[in-house]
Amino acid sequence: MSSDSDRARVAVGAETSPAVRFRIDSIDVLRGIVMVIMMLDHTRDFVHSQGLFGDPTNLQTTTPLLFLTRWITHFCAPVFIFLAGTGAYLQWSRRKNKAALSKFLLTRGLWLIFLECTAVKLGAFFTLDYRFIGFFQVIWAIGVSMIVLAGLVHLPLSVIAAFGLAMIGLHNFLDRIHVPVWFGPPAPSPGWKQALWMLLHQQGGFQLFGSGPFIAVVYPLIPWIGVMAVGYAFGALYQLEAKRRRRLLLILGGVVTGLFVLVRFINRYGDPSHWRTQKSGLFTVLSFLNTTKYPPSLLFLLMTLGPALLALAWFEFGAPAAGSSSLGGKVRNIFVTYGRVPLFFYLLQWPTAHLISVLLHLIAGKPVRWLFMSPLDLFSNPPPQGIGFNLGIVYVAWLIGVVLLYPLCKWFAGVKARRRDWWLSYL
């Protein structure tokens, strides 16, 4: 058997015994990179002077560096959710038991929604304010998408792929539907139909049952459910021989990226915000890249997932091998470690970034009370003037946070590799 075939057999997670657990190195590398970049975004939220209430993508007020600091983090959620679907397919491919997979997706999805409303809220705000259920962000979107996927997995793979692609490609026709956005008292809470629409396709907030705890919907579910469904179907590529898979990854990545450039240039469909000529060539490029994330437009997903597919091809066949003693190999191993414990890293990076911000503000003699306030209180009592720091401090704080989390992630990755406890699959 050729070396390429040997690598393919290991890469797709072929098992020699039920007790052995395989990982796909290239997927872990990409997942680890986007997790680390995700922490940059959340560190900026807490540390930057405009973190909580500024808009780094507003071309009238931003700088190129601030815009790109935010823009690079756009890759995180699409890749994270897409690869969660791929991971579900690979789990099925090793066991061929859709009933067990469906049960796991359902229970893990419910668990993720619970974590969004508890651990994530506590880490992000250092409060468990009972008036505020939480921000429904990426973990919530993954949780609900897994619950939907628990039913979809019983359909033919082609149907799952068609469902996901249709949701991604067509959902921007819904952009014309808007309901009044509400972010807390004294404005009246929207009715259940408006609240349902916010859960599905529009950012906003509402009180549960009309007068109960507040929910802020950051990640509407459409088209994230479709992204996970397409990611699940994409997992079938890892059943192919290595050279053919690489060729398909390069073709798919190139086509998706090319579609982004073409459709964005036409400027007719695919994003509610059109690009325009700006005050300089650089800002015109930024306008071209400034696609809509909430909910993610067709162009936003083409822009992020296309390069991600190309990266998978590179990490599998072009980058230094895992375990290599070269500098590139060592860096790759670091990202593999983060990528093998993505939820563990995600849960820890919130309080880590938050605590670093508290310490920086204390050292600089700046107010810290706002860093312990509930979002409902922050809406009515914004942070005082003078808080936060420049982008240089943000980057230093981010790197410190990433380094601090590495030993913990390495330890937990080792635990998951050595042990087979059922609960480890939920972290």
Side-chain angles (χ1 to χ4, degrees), residues 27 30-31 33-35 37-38 41 73-92 101 105 108-109 112-113 116 136-153 155 157-175 199-203 217-238 249 252-253 255-257 259-260 263 269-272 291-312 339 342-343 346:
I27 290 179
L30 180 59
R31 187 187 285 118
I33 290 173
V34 299
M35 297 308 298
I37 293 174
M38 183 182 292
D41 197 35
T73 67
H74 284 345
F75 287 81
C76 301
V79 173
F80 198 21
I81 295 177
F82 183 84
L83 292 182
T86 303
Y89 180 89
L90 294 174
Q91 182 175 343
W92 170 79
L101 174 61
L105 290 171
R108 194 167 197 262
L112 290 177
I113 295 171
E116 185 76 273
F136 281 10
Q137 301 184 88
V138 66
I139 297 300
W140 131 271
I142 293 176
V144 177
S145 297
M146 282 187 170
I147 292 171
V148 175
L149 187 60
L152 291 176
V153 294
L155 300 174
L157 197 64
S158 59
V159 175
I160 299 173
F163 167 82
L165 290 172
M167 182 176 286
I168 292 171
L170 302 177
H171 83 94
N172 283 116
F173 285 116
L174 302 174
D175 292 340
L199 291 171
L200 292 176
H201 202 255
Q202 181 182 325
Q203 271 194 326
V217 182
V218 180
Y219 277 63
L221 295 171
I222 299 172
W224 292 120
I225 293 171
V227 172
M228 183 172 288
V230 173
Y232 179 85
F234 171 79
L237 266 67
Y238 287 89
L249 284 170
L252 285 173
V255 168
V256 172
T257 304
L259 276 175
F260 161 70
V263 178
Y269 177 77
D271 198 286
T291 53
T292 302
K293 183 178 180 180
Y294 305 108
S297 67
L298 166 63
L299 284 165
F300 180 92
L301 294 172
L302 293 175
M303 177 183 72
T304 51
L305 292 178
L309 296 174
L310 295 174
L312 282 175
L343 181 58
Y346 182 86

* For Phe234, enumerate each residue passing the ring pair (Phe, Tyr, Trp, His ring centres under 6.0 Å) test, keeping only those at least two apart in sequence or located in another chain. => Phe82, Tyr238
* Using the test side-chain hydrogen bond (donor to acceptor under 3.5 Å, both in side chains), find all partners of Tyr219 that sit at least two apart in sequence or belong to another chain. => Lys293
* Asked: Shortest non-hydrogen contact from Leu112 to Ile139?
  -> O-CG2, 3.3 Å
* For Thr304 and Val79, run side-chain contact (heavy atoms from CB on, under 4.5 Å): C-alpha distance rounded to whole Å, both residues' side-chain angles, the deciding distance at 0.1 Å, then the answer. => CA-CA 8 Å; Thr304 51; Val79 173; 5.6 Å; no
* To do: Can you measure from CG (Leu174) to CG (Leu200) and round to the nearest 0.5 angstrom?
  => 9.5 Å
* Is the backbone of Tyr294 close enough, under 3.5 Å, to the side chain of Gln203 for a donor and an acceptor to pair up by distance? -> no
* Value rounded to 0.5 Å, distance of OG1 in Thr291 from CE in Met303 -> 3.0 Å
* Minimum heavy-atom distance Pro272-Asp175, with the two atoms named -> CD-OD2, 3.6 Å
* Structure fact -> d(His74 NE2, Ile37 CD1) to nearest 0.5 Å is 12.5 Å
* **With Asp271 via salt bridge (Lys or Arg N to Asp or Glu O under 4.0 Å) - residues at least two apart** => none
* side-chain hydrogen bond (donor to acceptor under 3.5 Å, both in side chains) involving Thr257 - partner list, sequence neighbours excluded -> none
* **Set of side-chain hydrogen bond (donor to acceptor under 3.5 Å, both in side chains) partners for Tyr269, sequence neighbours left out** => none
* Specify the closest pair of heavy atoms between Pro223 and Leu301, including all atoms of both residues, with the distance to one decimal. => CG-CD1, 3.8 Å
* Dump the intermediate steps for side-chain contact (heavy atoms from CB on, under 4.5 Å) on Val34 and Thr73, then the final yes or no. => CA-CA 8 Å; Val34 299; Thr73 67; over 6 Å; no
* Structure fact -> Nearest heavy-atom contact between Ser145 and Ala141 is OG-O, 2.7 Å
* Determine whether Val230 and Phe163 make a side-chain contact, defined as any pair of heavy atoms from C-beta on separated by less than 4.5 Å. => no
* Can Phe260 and Phe300 be said to form a side-chain contact (heavy atoms from CB on, under 4.5 Å), step by step? -> CA-CA 8 Å; Phe260 161 70; Phe300 180 92; over 6 Å; no
What donor-acceptor contacts under 3.5 angstrom involve side-chain atoms of residues 164-171, with partners at least two apart or in another chain?
residue	atom	partner	partner atom	Å
His171	ND1	His201	NE2	2.8
His171	NE2	Pro296	O	2.9

* Structure fact -> Nearest heavy-atom contact between Ala229 and Ile160 is O-CG2, 3.6 Å
* With Leu237, the side-chain contact (heavy atoms from CB on, under 4.5 Å) member among Leu252, Leu312, Thr86 -> Leu252
* Asked: Would a 4.5 Å heavy-atom cut-off, applied to side chains only, mark Arg108 and Leu343 as touching?
  -> yes
* Structure fact -> Partner of Leu105 under side-chain contact (heavy atoms from CB on, under 4.5 Å), picked from Leu152, Ile147, Val148, Val153, is Val153
* Can you spot which of Ile142, Val218, Val217 makes a side-chain contact (heavy atoms from CB on, under 4.5 Å) with Gln137? => Val218
* Asked: Can you find a heavy atom in the side chain of Trp224 that is under 4.5 Å from one in the side chain of Pro78?
  -> yes
* **Contact check, side chains of Leu157 and Tyr232, non-hydrogen atoms, under 4.5 Å** => yes
* Would you say Glu116's side chain and Trp140's backbone share a donor-acceptor pair under 3.5 angstrom? -> yes
